[in-house]
*Asks:* 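If you scroll down you'll find the structure; I have some questions about it.
Whatever order the structure lists ligands and atoms in, that order sets their numbers, starting from 1.
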Amino acid sequence: MAARLNRSAADIVRFLLQQGEMVTATQSLSDDMIELFAAELGAEVRITEPGAEQEEELLRALEVDLVDEGAQIRPPVVTVMGHVDHGKTLLLDRIRSSNVVEGEAGGITQHIGAYQTTRSDHRITFIDTPGHEAFTAMRARGAQATDVVVLVVAADDGVMPQTAEAIDHAQAADVPIIVAINKMDRPGADADRVRAQLAERGLVPESYGGEVITVPMSAMTGEGIDELLDQILLVAELEELTAPASGRAVGIVLEAHLDRGRGPVATVLVQRGTLRIGEPMVAGAAWGRVRAMTDDRGAPLSEAGPSMPVEVLGLGEVARSGDLFVVAPDEKTAGKVAETREHWQRQASLAGTAGGSGGGARLEDIFKQVQAGETATLNLVLKADVHGSLEAVTDSLRKLEREDVKLSFVSRGVGGINENDVQLAAASEATIIGFNVRPDRNARQTAETEDVEVRLYEIIYDLISDVQNAMVGLLEPEFEEIVVGEAQVRQVFRISGVGPVAGCVVEHGSVRSGAKVRFLRDGTIIWKGAVSSLRHFQDDVAEVSAGMECGIGLSDFSDLKEGDVIETYTEREIARVA
Ligand code: GDP
């Protein structure tokens, strides 16, 4: 910065010192400090996100073609929103299952994050992660996937706080809303009362002389669902939704996760052009050749056109939901773009931790700082099992921010907690929060030596309430889980009458019969339960210790794979220091 302003670093340090800010020449400056110094010189500064300018260049390199020539009608993309328990999930399930022709792939549909249904020969795409949090998280990334919002309001409950929030979000995004007045089968159902409440919120129903379509229905009995689909098609027609089906595909990532057998998996929504197998694609900072594509029924596809959601294999990394994806002109460009983005994303996350007066605090002692009247910043390293939950947890945590307690995400990512995460947390005085993931052994050891606080959750509510309580100094005593043993699955035996048994080697500690188990795949918890049978060769045994082989049977869990880890643990209550 000094060089850009024709000054020396010492000039800046001196100036900031006069303003009461202690900095050294090798330290990163906060935006405020930069602006302060620039103002002193009368210089103009424009603060951009790291990589923002480079991004424009990258898009040029990708030669994204946004000409609408040859555009054709495309299916509408629908997101379902509404208050909790008003029936979003049941509605989505009903629409999905009514469309599955019996016998087809056993009638089983896959949850890939979105699906298509057909009504009177027209297709409709539903994004099946309901809720405005996902919707807004995407919009925050500049991604707009949704053409129509279906707002579900229970007829016996009426407009509730999250209904109002959903209305705000849909209106902010300028997306048309259709109101599904659900649970009409319930005794207390009153569609007119709901319409009156909507009118009060500025969503004036047609029967009140307004334009908002309301459809009384029941996700339980199925009544009104066809009518709802017809109305969606009607709105879509009015909106004249079109996209060119030719040309390189462009779209967005709806969901992404790491699958042990298949590698990074992403569900993408094609928004224009056609995506084909073998093409080099870039999704945010991830890239790869499309190796395979499947639809929401698990059927393989060779190409996917506009508004089609598909699960894609072949990316080298786990993409982020909300990221834009583009098919690149060639593999080299794809690789270069992804690499550049990764570089800037890393810079951005470092910039987030650098400088920052006041320093960070850990969850345990955040309240002390608050009490002392200081503005406290809670630094967090957040890891979660899938992108969807990562976004949801982030959004919920963001809402807890107050004037006196700020949150700063040192890093956020998908996957198990590794040593890197712990090092990063140690360096930035951060608390690690894991949602449905676990630290591996190295991470655990480093956390102990570096005294890094690692908190693990499987229920989002617990996570949020812990952070909230920490902010007011009410952190409850915690149950510490002590890992007793760790066994790695080497082979899976299917024994009739018994089910699958994991042939394991105990790598650490010991495994006891009946012990509580966390079943891990790539550091992610995929099941919890207990050891139901334990054998050493042909004998049932009570305990098997490190270095020995054993056969482990698990209560009601059979999705065993080679390389999985069976972690056994006990619980102990630990008192919190005040
Ligand atoms: P969400 O939180 O909005 O996803 O709501 P769910 O789809 O999970 O529904 C909440 C509860 O309401 C569940 O027990 C559903 O079975 C029930 N429910 C949903 N739709 C209807 C309906 O139309 N009629 C009745 N009687 N119950 C419904």
Side-chain angles (χ1 to χ4, degrees), residues 77-100 109-115 117 119 124-138 145-146 148-170 175 177-195 197-198 201 203 205 213-232 254-255 296 309 321 386 388-389 391-393 395-396 399 458-465:
V77 180
V78 180
T79 296
V80 175
M81 301 207 252
H83 195 71
V84 63
D85 274 351
H86 279 194
K88 300 179 292 292
T89 313
L90 189 62
L91 175 62
L92 280 163
D93 284 353
R94 278 280 189 271
I95 295 172
R96 172 205 289 272
S97 57
S98 70
N99 200 48
V100 177
T109 54
Q110 318 229 116
H111 269 276
I112 66 167
Y115 63 87
T117 189
R119 168 76 184 159
I124 304 174
T125 302
F126 282 90
I127 294 183
D128 76 357
T129 38
H132 55 250
E133 312 229 327
F135 179 82
T136 309
M138 287 221 180
T146 306
V148 178
V149 164
V150 167
L151 180 67
V152 176
V153 186
D156 58 346
D157 203 19
V159 170
M160 298 301 279
Q162 284 167 312
T163 318
E165 269 181 59
I167 295 174
D168 292 345
H169 287 288
V175 176
I177 301 173
I178 295 175
V179 182
I181 305 182
N182 190 32
K183 303 199 187 184
M184 284 305 289
D185 60 295
R186 284 268 177 101
D190 184 349
D192 275 326
R193 190 176 53 126
V194 174
R195 290 195 186 97
Q197 291 172 333
L198 291 169
R201 299 259 162 198
L203 273 194
I213 298 165
T214 56
V215 183
M217 57 156 290
S218 165
M220 194 61 97
T221 66
E223 175 213 328
I225 292 184
D226 284 345
E227 161 83 3
L228 177 67
L229 297 177
D230 287 339
Q231 294 295 351
I232 291 171
L254 296 176
E255 266 184 31
D296 52 87
S321 49
V386 293
S389 53
E391 297 300 334
V393 170
D395 280 350
S396 307
K399 289 199 191 110
E458 283 147 50
I459 297 170
I460 195 166
Y461 172 82
D462 291 345
L463 189 166
I464 301 306
S465 80

*Asks:* Would you mind listing which atoms of ligand 1 come within a distance below 4.0 Å of any non-hydrogen atom of His83?
*Replies:* 3 (O)
*Asks:* Just wondering, do Asn182 and His86 contact through their side chains at under 4.5 Å, heavy atoms?
*Replies:* no
*Asks:* Which of the numbered atoms in ligand 1 are below 4.0 angstrom from a heavy atom of Asp85?
*Replies:* 1 (P), 2 (O), 3 (O), 5 (O), 10 (C), 12 (O)
*Asks:* Applying a 4.0 Å heavy-atom criterion (strictly less than), which segment of Arg186 is in contact with ligand 1: side chain, backbone, both, or neither?
*Replies:* side chain
*Asks:* Which is it for Met217 and ligand 1 at heavy atoms under 4.0 Å: side chain, backbone, both or neither?
*Replies:* neither
*Asks:* Would a 4.5 Å heavy-atom cut-off, applied to side chains only, mark Asp185 and Glu223 as touching?
*Replies:* no
*Asks:* Output the list of atoms in ligand 1 that are nearer than 4.0 Å to some heavy atom of Ser218, sorted by atom number.
*Replies:* 22 (C), 23 (O), 24 (N)
*Asks:* Check each heavy atom of Asp185 against ligand 1 and say whether those closer than 4.0 Å belong to the side chain, the backbone, both or neither.
*Replies:* side chain
*Asks:* Given Lys88, Lys183, Gln162, identify the one with the heavy atom nearest to atom 11 (C) of ligand 1.
*Replies:* Lys183
*Asks:* Taking the side chain as every heavy atom from C-beta outward, state whether Met220 and Leu90 have any pair of such atoms under 4.5 Å apart.
*Replies:* yes
*Asks:* Answer yes or no: is there a side-chain heavy-atom contact under 4.5 Å between Ile460 and Ser389?
*Replies:* no
*Asks:* So how far is it from Asp157 CG to Lys183 NZ, rounded to the nearest 0.5 Å?
*Replies:* 7.5 Å
*Asks:* Below 4.0 Å from any atom of ligand 1, is there a heavy atom belonging to Met184?
*Replies:* no
*Asks:* Could you list which atoms of ligand 1 come closer than 4.0 Å to a heavy atom of Val84?
*Replies:* 2 (O)
*Asks:* Below 3.5 Å, N or O to N or O, backbone or side chain included: is there any such pair between Leu91 and ligand 1?
*Replies:* no
*Asks:* What are the two closest heavy atoms between Leu198 and Thr214, and how far apart are they?
*Replies:* CD1-CG2, 4.1 Å
*Asks:* Less than 4.5 Å apart, side chain to side chain, heavy atoms only: is that true for Met217 and Leu91?
*Replies:* yes
